Amino acid sequence: MTARDEMAREIRRHERTEATRRTLRRIGVFVVFLVILALAYTGYKAFGQSLDDAQTDWPMIGRVLPRTDDLTMPPVSDIISEFTQPPQRNSDKPLAAFIAEAALFTMREAVLGFAFGVIFGLGIAVVLLRSKWIEQGVTPYLVASQTVPLVAIAPIVIIWGSTSLDWLPFEWTNWMSVSLIAAYLTFFPVAMNGIRGLRSADPAAMELMRSYAATRRQTLVKLQLPASVPYLFAAFKIAATAAIVGAIVGEISGGVRGGLGRLILDFASRYTTGPSRLYATVIGAALLGLIAIGLVTAAEYLVLSKRKEEPLAL
Amino acid sequence: MTEPDRCAVAISNVSKVFNQGKPNEVHAIEDISLSIGEGTFVSLIGPSGCGKSTLLRLIAALTHPTRGDVGVNDKSADQARLDRDYGMAFQTSGLFKWRSVAENVELPLQLMGWSKTDRKARAAEMLDLVKLDEFGDHYPHELSGGMRQRVAIARALSFRPSLLLMDEPFGALDEMTREHMQTELLDIWNKTGKTIVFVTHSIPEAVFLSQRVIVMSPRPGRIASDIRIDLGERSFETREASAFFEKVTEVREALRFEESQP
Amino acid sequence: MTEPDRCAVAISNVSKVFNQGKPNEVHAIEDISLSIGEGTFVSLIGPSGCGKSTLLRLIAALTHPTRGDVGVNDKSADQARLDRDYGMAFQTSGLFKWRSVAENVELPLQLMGWSKTDRKARAAEMLDLVKLDEFGDHYPHELSGGMRQRVAIARALSFRPSLLLMDEPFGALDEMTREHMQTELLDIWNKTGKTIVFVTHSIPEAVFLSQRVIVMSPRPGRIASDIRIDLGERSFETREASAFFEKVTEVREALRFEESQP
Amino acid sequence: MISRAFRGAAPATVVGLGGLLFWELSLLIINPEGFVLPAPSGIIAAFFDNFEEIWVASRNTGFIVITGLVGGVALGVLWALLVSRFRLANETLTPLAISLNAIPIIALAPIFNAWYGLLSPVSNQAIVVILVFFPVFINTTKGLTDVGATEIELMRSYAASSWQVARTVRIPNAMPFFFTALKIASSLAVIGAIVAEYFGGRQDALGPLIVQNAGLTRYTEAWAAVLAGSVMGIVLFVASGIFERVSMPWKPDAETIGA
Amino acid sequence: SSDDDASGELTPVKLQLQWFTQAQFAGYFAAVDQGFYEDVGLDVTILEGGVDIVPATVLDSGAADFAISWVPRGLVPREEGLNITNIAQVFQRSATLQVSFVDSGINGVGDLAGRTVGNWGFGNEFELLAGLRSVGLDPDTDVSLVQQQFDMLALVSGDIDAAQAMIYNEYAQVLETVNPDTGELYQPSDLSIIDWNDVGTAMLQDAIWADADKLEDDAAYRETAVKFVEASLRGWAFCRDDFDKCADIVLAAGPTLGDSHQRWMLNEINNLIWPSPQGAGTMDAALWNQTVTIATSEGILKSAPTDGAFVSDIASEALANLTADGVDVIGNGWSPKTIELKAGGE
Ligand SMILES: Nc1ncnc2c1ncn2[C@@H]1O[C@H](COP(=O)(O)OP(=O)(O)OP(=O)(O)O)[C@@H](O)[C@H]1O
Ligand SMILES: Nc1ncnc2c1ncn2[C@@H]1O[C@H](COP(=O)(O)OP(=O)(O)OP(=O)(O)O)[C@@H](O)[C@H]1O
Ligand SMILES: [Mg+2]
Ligand SMILES: [Mg+2]
């Protein structure tokens with residue numbers, strides 16, 4: 001028995017190093033790919049500019065293909081060097097540090113928003129599961145809810161947060177309202193994929209549960225939720241980036257300072273005076289998204305490998 | 001313990017039509033009446049697609065009759081289901097792929113609120129019974145077809161319901177294992193006086209196990225004959241007895257006759 | 001048409017270990033050597049979990065041996081698979097739920113580029129053979145267990161490969177249907193001289209159908225006996241012949257002996 | 001068919017009317033001024049009062065929505081096919097997709113406007129495409145890869161080419177995943193187009209109509225324009241439901257979402 | 001006057017800005033920093049604005065006590081039913097310009113005919129529309145109006161011929177941008193501007209707004225309002241008199257960017273306030289009428305605002321207190337500085 005345990009541990013260790021190696025390899029491949037993309041970007045720019053210099057007009061450019069001047073497509077070298085340069089003359093903190101701090105701030109909002117959204121989305125999926133009638137009645141409005149732009153929602157949430165939540169044991173701050181806004185974007189994919197996943201349980205297995213006179217709750221916990229795991233992880237991946245985007249946009253709508261949203265707005269509104277700052281910040285936001293999806297994928301890997309299923313390599 | 005006259009299953013004038021009114025309408029069962037006394041071992045036998053599984057699912061209240069009534073233990077079939085009066089082994093094993101073999105066997109016990117230690121003990125006992133004690137930690141996809149079926153049998157027996165509904169449980173088993181499982185099942189039946197409704201394609205198996213063999217006609221399923229078997233206590237010798245072969249022939253002929261009808 | 005000496009399947013010193021090096025390691029097959037001459041009908045029989053399906057999957061190149069070699073039609077098993085030298089019927093029916101019954105039967109034909117009219121004609125013919133001509137437009141979830149299995153058989157036979165691998169194809173069929181299918185299969189074999197490797201749990205079935213019955217020992221699977229059957233042309237009377245019963249007893253004893261070993 | 005469609009619409013109608021009533025009543029009680037969130041009666045009145053303007057705006061926005069949706073779905077499916085087929089594509093395009101998706105519209109809008117010019121519809125379409133393609137890509141990839149082992153073995157036994165496996169197994173298997181994504185995407189397309197319009201371009205579109213009115217606290221007018229967007233979203237949702245039914249005849253009804 | 005009896009107990013006050021922290025709101029930041037609010041017994045928290053935050057709504061909801069808002073953007077909500085009122089008109093002039101490059105040949109409003117003209121909407125467009133009409137152009141047919149982004153790229157890259165710009169912000173941004181043809185920053189001489197103050201269609205901008213119902217019913221609130229206006233104007237006077245210190249205060253309050261940009265902005269904001277011939281915070285009746293006329297004729301308001309859209313008593317009380325303390329509330333001595341913009345506004 002102990003020898004067996006010993007061996008199992010050994011194997012797990014091996015699997016872990018394998019997984020690490022694979023992850024590193026993937027990161028390596030992606031970095032190489034990014035370098036290629038950067039070269040393509042530079043090449044395209046050079047091509048476009050040579051056309052410009054030659055005074056020839058290429059109808060695609062500016063229509064299907066982007067324009068190539070330095071203001072619209074800042075050189076890659078500018079973008080990279082921007083990271084190391086302080087965005088403020090009176091401090092020598094490089095832009096990368098600004099972005100990192102802001103990313104942490106946004107991440108906090110996004111994590112909370114993701115949690116709210118997942119709980120809410122799953123809750124909706126479970127309620128909708130109760131009857132086809134409820135589902136048919138409610139789903140169109142869930143869809144409609146997602147077409148309401150934040151400009152209409154943000155003021156409601158922010159004002160409600162700062163006027164109606166004073167009974168909470170802690171102080172409700174605006175960044176928490178931003179999390180609610182993020183949750184508004186997160187719950188939808190979770191609810192949609194959730195209901196699909198909950199319904200994906202094998203009909204034979206549903207019958208088995210019925211034959212045990214299992215309660216709705218037991219069927220949910222023991223059968224439908226496990227069956228929906230692949231769907232849910234797909235949803236979590238969509239929701240993870242949605243939470244970040246929601247947090248960033250919520251910061252901008254609601255005027256919350258400290259996160260990537262403010263940084264992006266600042267740089268965007270001063271685009272002509274330094275386009276590469278915006279590009280650099282956007283890269284920071286994308287990186288944050290990669291990290292978030294990485295975390296979800298790690299969780300998926302843990303859950304599915306325990307279930308002996310093949311996780312989707314994402 | 002049991003009053004032999006009470007009716008465990010009472011089916012009266014039941015019909016079942018699938019996709020009623022649509023072009024792909026199927027009359028699966030037509031006007032079946034059948035009552036099964038408590039403690040009886042009954043086999044259902046009949047050609048493929050004649051409605052055996054459907055009949056079992058009607059008793060289990062997993063589907064409802066288009067016409068007619070089904071009663072179990074003097075209540076409606078639905079109530080019996082809610083009271084967990086029966087255990088069912090399905091034709092396809094229906095194991096949960098995310099649960100190990102032992103966890104699959106524990107599933108009904110868990111739903112019924114057994115303690116963890118009790119569950120573990122019973123699951124181990126059941127896996128022993130079906131000779132899969134080494135495989136408790138494996139996952140279903142690592143098992144052979146017959147092994148999966150045995151897990152499903154262990155699961156159906158684990159919580160010892162008073163009525164057992166079994167749909168071709170031994171179909172994928174080799175002869176030896178099959179005989180072993182038959183003996184075990186008879187043993188359980190003898191000891192506990194359960195009512196067992198058993199679907200099989202094997203005539204000898206039906207004759208060997210049952211007190212009654214119900215022969216069904218091809219779709220739409222009707223009851224063609226209801227053959228009482230009285231072979232006394234079963235043993236290894238029963239299979240060699242001439243009374244056994246007579247009954248096997250009787251059932252076979254009933255089946256042949258039915259299938260050759262239009 | 002066939003040269004009886006050519007080897008359709010050549011298995012030499014094959015072993016298969018699942019989860020090698022892990023705590024849940026399983027030795028499914030150990031050191032099996034077997035060659036099957038072209039045009040032979042061979043049955044595999046053995047206790048549940050002894051590696052019959054695994055052996056079939058090794059021949060089909062759906063899994064690869066841990067040790068040893070598998071050759072089919074004088075090529076590697078993989079090459080034979082790529083050349084579509086065989087047709088396989090799996091233990092679980094494996095129908096595509098999004099295709100109707102007829103479309104399921106047409107699947108291999110479609111993959112092989114048959115024209116639509118040819119496909120339709122062949123599918124109809126095959127469904128007729130398995131007596132499911134009425135159900136061509138139904139979807140798998142509307143069929144009974146036995147009906148699904150028959151669809152899978154129809155699918156495996158549809159494109160007439162030279163080698164047929166069948167994993168308990170008749171397991172869920174009633175006796176009548178089973179005998180009908182056996183006759184049909186023998187008929188096809190007689191007419192076309194196919195090589196057939198057939199897994200079954202039924203000893204009479206194995207004896208009735210085959211020229212050779214391979215008896216396997218419990219896990220780790222080895223070949224316990226290789227019994228030649230020579231009953232001549234099969235007919236309805238074959239099943240009553242004493243030579244038939246002798247062979248059945250011989251196989252049964254080989255199995256018993258194997259299973260009673262540790 | 002028509003009566004069936006009506007029966008399908010009945011629950012939505014009941015829930016919708018009930019919801020409106022509840023909304024109207026609760027505003028009467030807690031917030032009689034109904035300011036930031038106006039009462040539905042006011043919104044509907046404003047919708048018809050400004051119908052002309054909203055109609056023109058909806059047409060302009062609708063064009064971006066439809067073209068972007070089609071482009072995004074096509075891109076998402078293509079991307080999923082590549083990723084599920086080629087390992088190198090998976091290792092490069094997947095993180096790229098995630099990165100693109102993690103960029104908020106508000107950051108993309110200035111960049112796309114810079115690339116294509118303020119007046120080009122391409123910048124708005126590009127934003128819709130980027131929003132839409134991601135859920136389609138994620139779900140479709142999952143559906144293409146999450147295939148039963150028996151099915152794959154069967155296909156291998158036929159020595160089916162990977163294209164044949166894709167066509168006969170992976171794609172049908174991915175259908176339910178894809179349609180779920182399409183339903184998510186239909187609302188994303190609407191919101192994407194509306195938000196993209198804040199950042200420049202023509203002013204007779206839903207986005208400017210909403211922000212302008214909201215910025216001036218004309219919330220009923222803003223919500224009336226929002227309503228137009230929502231109707232567009234619901235129409236697309238219902239259309240994808242019909243499309244789904246037609247494409248997956250084998251599905252028991254229980255398995256499709258909504259509509 | 002700071003003879004406040006409730007010494008020690010400060011009244012909490014929340015002020016909602018209409019945009020992020022920048023020199024546009026320097027006076028309020030200076031008043032916090034210099035303790036002017038504390039001196040009158042107020043503990044002021046400044047709430048930054050956001051893209052989708054409408055100060056009037058926040059004020060009405062009670063989430064803020066006072067709000068800074070442009071006059072049109074206060075009058076429309078008032079018409080929609082929010083009872084808010086303008087208690088101090090801080091900016092005496094409009095800062096909105098229409099900017100184009102000199103070589104585009106746009107020298108006056110009339111030259112906009114047939115051009116692509118950018119604007120932000122949000123009520124910013126009414127000065128432009130009225131201006132166009134004042135020279136006989138029909139905004140619907142004679143020009144092509146487009147939605148402009150936050151930045152000035154569309155102008156720089158030639159997508160639009162004339163862009164809307166605030167003199168204190170976007171106009172400066174153009175001057176902080178490198179001209180690719182020369183490699184140097186764009187110069188004022190490269191640009192041609194249309195100033196709505198000159199055209200005569202300017203509308204009033206930043207003012208302090210308060211909740212009219214509370215002013216009516218709640219004497220304490222009214223008293224707070226007087227103190228708030230007083231200390232705020234004191235802050236603005238400080239920013240006029242101690243320009244560099246004020247700029248530093250704003251920079252310390254944390255706009256992410258732009259030292260020279262904030263100084264430019266502060267200078268221009270001072271130009272909008274000073275001199276205030278009738279005293280800072282006092283409503284200029286002529287400009288009010290002009291604002292209202294344009295707002296109603298352009299359809300931004302359905303009818304002229306009701307009485308009480310602005311009140312002058314609070315500002316007068318505050319001014320009286322300030323004058324008694326010897327603060328210069330007219331600012332005749334203010335003269336604009338010359339600010340050198342650096343690349344990127346650093
Ligand atoms: N869900 C369904 N929808 C439509 N028809 C169905 C459905 N379930 C079963 N049927 C039809 O009902 C008939 C009886 O099916 P049933 O499964 O009861 O047969 P069976 O006797 O168990 O056969 P087998 O021995 O092959 O398992 C079959 O013709 C089948 O096609
Ligand atoms: N994918 C797998 N992973 C781990 N173990 C496996 C796997 N597939 C099969 N096995 C093991 O290999 C052994 C042989 O399995 P196989 O399916 O070949 O048996 P079988 O002879 O076909 O049995 P049955 O008659 O029950 O179908 C079993 O013990 C099974 O647990
Ligand atoms: Mg059945
Ligand atoms: Mg097997």
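Keep in mind that what you see is a predicted model, and the values were worked out from it rather than measured. Labels below follow one simple rule: chain letters A, B, ... track the order of the sequence lines, proteins then strands, and each chain is numbered from 1.
Note: B:H138 NE2 to C:N19 CG = 7.0 Å, rounded to the nearest 0.5 Å. The line from CG of C:L255 to CD of B:E175 is 7.5 Å long, rounded to the nearest 0.5 Å.
Contact of C:D167 with chain B is not made at all, since no heavy-atom distance falls under 4.5 Å. In this structure, no portion of C:R178 lies under 4.5 Å from any heavy atom of chain B. Using a 4.5 Å cut-off between heavy atoms, C:Q149 makes no contact with chain B at all.
In terms of heavy-atom pairs under 4.5 angstrom with chain C, the leader among B:T54, B:I45, B:L173 is B:L173. Contacts with chain B were tallied for C:T200, C:D137, C:I203, C:L132; C:I203 has the most, counting heavy-atom pairs under 4.5 Å. Listed options C:A28, C:S202, C:G145, C:G171 were ranked by heavy-atom pairs under 4.5 angstrom with chain B; first place goes to C:G145. No other option in C:K52, C:R252, C:E134 has as many heavy-atom pairs under 4.5 Å with chain B as C:R252.
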After noting the C-alpha distance and the side-chain angles of C:T177 and B:H201, does the key distance pass the side-chain contact (heavy atoms from CB on, under 4.5 Å) rule? CA-CA 10 Å; C:T177 315; B:H201 282 310; over 6 Å; no

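Taking every heavy atom of both residues into account, B:S48 and C:R150 meet most closely at OG-NH2, 2.7 Å.
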